Amino acid sequence: GEDVEQSLFLSVREGDSSVINCTYTDSSSTYLYWYKQEPGAGLQLLTYIFSNMDMKQDQRLTVLLNKKDKHLSLRIADTQTGDSAIYFCAESVSQAGTALIFGKGTTLSVSS
Amino acid sequence: ETGVTQTPRHLVMGMTNKKSLKCEQHLGHNAMYWYKQSAKKPLELMFVYNFKEQTENNSVPSRFSPECPNSSHLFLHLHTLQPEDSALYLCASSLTGGDGYTFGSGTRLTVV
């Protein structure tokens, strides 16, 4: 079946890099996503990667995909206190309006 | 605001009440979704609508009844809920494709 796993907590100091990891089980996933949820808010799409890519960079965010190991990571460079939130990894299996399968989320805590 | 608006933001209801959650998007998306977010559990997909047609019902109890009158509006009608139904209910919309989903801020539901 479909399953997305993430570690639950990560704590870093301001200015350091954060790396949030995710594993998924469905090898037919076409897109993999990272969402951010701040307290009291919905989920905000941060970035996504197509399954035939290895890496995608967007300003402070770097996504790495190891399709062989079904491993996805999100690296946040120069982490700021405003990056404190819950980060969700999600996969979609097909494009046509199929809903996403989410992990439980990783709570990132950034201390100054 | 993300472009997906959910009302109300907070709702407290008794187990014998009937209430409705509303979701509205004017992003031109053609798919809409209801998710349930409970503490310490992954986001649970409840319903998927594609071009106003329900394409997925993820074994949701009949006390939750969705309605999608057009591609811009989605409702979740609630009746005779249980305390374990207390959660954050998130609406999302998307185009059929891989460019991610836009979430609303959610309705925090408490069943007493």
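A, B, ... follow the sequence lines: proteins, then strands. Residue 1 opens every chain. Model, not experiment: these values are computed from the prediction.
Within a 6.0 Å radius of CE in Met15(B), other residues, nucleotides and ligands contribute 12 heavy atoms or fewer. The number of heavy atoms from other shown groups lying within 6.0 Å of CD (Gln59(A)) does not exceed 12. For Lys56(A), the NZ atom sits in a packed shell: over 12 heavy atoms of surrounding residues, nucleotides or ligands are nearer than 6.0 Å.
Listed in order of number, the residues of residues 64-72 of chain B that approach chain A to under 4.5 Å between heavy atoms amount to none.
Under the 6.0 Å cut-off for aromatic ring centres, Phe102(A) and Tyr35(A) qualify, their centroids lying closer than that. Aromatic pair Phe47(B)/Tyr33(B): ring centres not closer than 6.0 Å.
For Gln37(A), the part sitting under 4.5 Å from any heavy atom of chain B is the side chain, from C-beta outward, and nothing else. Only the side chain of Gln37(B) comes within less than 4.5 Å of a heavy atom of chain A; its backbone N, CA, C and O stay farther away.
Side chain to side chain, Ser109(A) and Ser84(A) fail the donor-acceptor criterion of an N or O pair below 3.5 Å.
In this structure the side chain of Val63(A) never reaches within 4.5 angstrom of the side chain of Tyr48(A), judged on heavy atoms.
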